[in-house]
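Heads up: the structure comes next, in structure tokens.
In what follows, every chain begins at residue 1, and chains take the letters A, B, ... in the order their sequences are listed.
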Amino acid sequence: MSNQPEASVGRRRVLKSLALGAAGLSLTGLTACQDSESDSAAAVSLVTTLGQSTYPFEVPPLPYAPDALQPAIDAETMRLHHGAHHQGYTDKLNAALADASDLHDVPLRDLLADLEQVPTSIREAVRNNGGGYYNHALFWPSMRAEPEGPSQALTAVLREAFGGVDAFKEQFTAAALDVFGSGWAWLARAPNGALRIVQTPNQDTPLAQGLLPVLGIDVWEHAYYLNYQNRRAAYVEAWWDVVNWQQVEANLPSEQR
Amino acid sequence: MAFTLPDLPYDHDALEPYVDARTMQIHHGKHHQGYTNKLNNAIEGTKWERMPAEDILSHIDEVPNDIRTAVRNNGGGYVNHKLFWTVMSPDGGGAPSGALAEAIEDTFGSFDAFKETFSSTAGSQFGSGWGWLVVDDDGNLHVYSTPNQDSPYMKGHTPILGVDVWEHAYYLHYQNKRGDYLSNWWNVVNWDQVAANYAEATS
């Protein structure tokens with residue numbers, strides 16, 4: 001690991017170092033995230049803060065009560081999803097990395113963007129459980145009870161990229177419904193700043209495609225089966241009612257808002 | 001001729017308490033029906049309509065590009081579930097006898113060792129998929145898992161026993177505890193049917 005940052009170095013050097021190590025991610029994009037001021041939005045970019053986290057990983061607390069997103073998402077699903085599934089990915093990620101001490105200071109984003117650096121004996125475990133840890137940690141704050149709609153600035157961004165907020169929702173929904181089996185649909189940002197809608201199977205992350213996630217929806221059956229059973233479309237439709245657009249905006253670099 | 005959803009060979013609640021009635025209703029009536037409909041839509045008006053679904057999967061590489069993924073996913077879903085209902089029974093459980101029992105012992109060392117291998121293979125399939133006991137061209141047994149609805153027929157193997165580990169197969173009753181579902185599932189395995197499948201695959 002030639003690009004492994006030391007534990008004591010400053011955030012900027014960490015970022016520079018991980019950008020060099022993360023194939024496909026632009027230095028510009030990462031520093032832009034880092035430099036974004038939070039005065040225009042209450043939320044901070046989770047894509048930045050979460051990506052910097054290192055071993056050992058802890059399940060972040062839910063930013064609301066398990067029943068806060070009802071009726072879109074029921075309390076039992078939230079409890080299991082956060083307390084059993086997310087906890088399980090976290091425990092398995094920590095177990096996989098326990099003996100790989102040279103990876104303990106590597107930021108999560110770097111691990112997931114460049115899985116080739118992970119020894120083959122634990123690569124699959126890191127891919128699946130690291131992805132599960134990361135994706136769910138982004139997922140919880142991307143929802144909230146009684147959210148406000150997208151700001152004018154975000155509306156303009158979505159209009160330019162997709163033709164409008166409704167057009168974006170339509171394309172994102174189609175991608176979410178089209179995932180066969182377990183996986184996620186994403187709004188993600190390319191190194192050149194372009195916004196794209198992509199899918200990932202299982203717990204693969206956009207990072208592994210050289211993209212930074214902005215908004216993701218979990219379409220594993222565990223995300224909706226208790227309440228919606230086979231009706232994934234009803235889940236996705238209801239999910240739009242709890243999307244935290246302020247967090248979506250905060251996940252974009254400041255120059256793009 | 002369009003494929004039709006096979007009837008369940010028992011009542012929805014017949015596999016209680018190991019597989020609950022509501023899961024069976026949705027699994028058979030919604031998920032399997034959905035795969036059936038989508039398979040029919042994908043192959044409508046093509047020569048593939050006139051072939052058994054298992055044979056379509058054996059020749060998946062020859063299916064035209066524009067419908068291959070739909071046929072793979074929904075044809076797999078159709079065939080996998082069709083087998084699944086028959087390898088379970090309210091009178092199931094126990095152990096196989098005869099030629100199948102001998103082949104399992106020869107291949108895996110013992111019936112218990114086979115169960116352990118099968119359970120851990122199915123249990124560790126990450127995401128959606130199936131665990132399988134299959135017969136290859138030479139009549140040998142293998143245990144492996146496949147992702148999503150991929151079928152052993154796609155590898156030229158004949159599945160004789162399969163367990164569905166998509167979350168929809170167990171989530172209403174077992175939630176995240178896939179291991180509990182798998183250990184309970186052995187109580188409903190229809191070994192007579194599995195033995196008949198083995199005999200046919202090796203004949």
Side-chain angles (χ1 to χ4, degrees), chain A residues 59 74-93 95-96 122-133 135-136 177-184 199-205 218-235, chain B residues 5 12 20-39 42 67-78 80-81 123-130 145-151 164-181:
Chain A
V59 177
D74 62 288
E76 198 190 350
T77 293
M78 287 302 297
R79 278 193 205 98
L80 286 163
H81 202 174
H82 179 259
H85 291 279
H86 199 181
Q87 186 69 56
Y89 294 126
T90 308
D91 294 344
K92 288 177 186 167
L93 173 62
I122 58 169
R123 190 178 298 159
E124 201 63 14
V126 170
R127 172 183 174 179
N128 291 341
N129 298 297
Y133 174 78
N135 293 339
H136 288 90
L177 299 186
D178 189 51
V179 173
F180 189 73
S182 304
W184 293 72
Q199 302 164 327
T200 57
N202 295 325
Q203 295 295 353
D204 286 358
T205 69
D218 189 346
V219 292
W220 282 56
E221 286 171 326
H222 67 231
Y224 59 87
Y225 210 79
L226 293 182
N227 196 22
Y228 297 96
Q229 297 85 47
N230 60 306
R231 291 169 291 117
R232 185 192 287 180
Y235 156 66
Chain B
L5 180 69
H12 289 114
D20 63 286
R22 187 155 174 250
T23 293
M24 288 301 296
Q25 272 154 3
I26 299 169
H27 201 174
H28 179 256
K30 300 292 185 185
H31 291 280
H32 199 183
Q33 183 72 64
Y35 295 125
T36 307
N37 295 345
K38 288 177 185 166
L39 171 62
I67 59 169
R68 191 180 303 151
T69 300
V71 171
R72 171 182 171 181
N73 291 342
N74 298 297
Y78 176 73
N80 294 340
H81 288 89
S124 59
Q125 170 64 42
F126 191 71
S128 303
W130 290 74
S145 63
T146 57
N148 295 327
Q149 295 294 352
D150 285 358
S151 156
D164 190 346
V165 292
W166 282 58
E167 287 170 325
H168 66 231
Y170 60 87
Y171 209 80
L172 293 180
H173 190 67
Y174 295 96
Q175 295 86 45
N176 61 306
K177 297 184 288 296
R178 184 191 280 183
D180 290 355
Y181 158 67

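Contact of A:Gln203 with chain B is made through backbone and side chain together, with heavy-atom distances under 4.5 Å. For chain B, the nearby parts of A:His222 are the backbone and the side chain; heavy atoms of each come within less than 4.5 Å.
Going from atom CH2 of B:Trp166 over to atom OG of A:Ser182 covers 6.5 Å, rounded to the nearest 0.5 Å. One finds the OG1 atom of B:Thr69 at 9.5 Å from the CG atom of A:Asp178 (value rounded to the nearest 0.5 Å). The line from NE2 of A:His85 to CD of B:Glu167 is 5.5 Å long, rounded to the nearest 0.5 Å. Remark: B:Gln33 CD to A:Asn230 CG distance equals 11.5 Å, nearest 0.5 Å. Here the CG-NE2 distance, from B:Asn176 to A:His86, works out to 14.0 Å after rounding to the nearest 0.5 Å. Note that the CZ atom of B:Phe126 and the CG atom of A:Asp204 stand 8.5 Å from one another [nearest 0.5 Å].
Scored by the ring-ring contact (aromatic ring centres under 6.0 Å, His included) test, A:His82 finds A:Trp140 as partners (sequence neighbours excluded).
Using a 4.5 Å cut-off on side-chain heavy atoms (C-beta onward), A:Gln229 and B:Arg22 make contact.
In this structure, A:Tyr225 has its ring center closer than 6.0 angstrom to the ring center of B:His31.
Environment of CZ in B:Arg72: sparse, with no more than 12 heavy atoms of neighbouring residues, nucleotides or ligands closer than 6.0 Å. Heavy atoms from other residues, nucleotides or ligands lying under 6.0 Å from NZ of B:Lys177 number more than 12.
Classified by interplanar angle (parallel below 30°, tilted 30° to 60°, perpendicular above 60°), the ring pair A:Phe180/B:Tyr35 is perpendicular.
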Using the side-chain contact (heavy atoms from CB on, under 4.5 Å) rule, take B:Tyr171 and A:Thr77 through it: C-alpha gap first, then chi angles, then the decisive distance, then the call. CA-CA 11 Å; B:Tyr171 209 80; A:Thr77 293; 5.9 Å; no
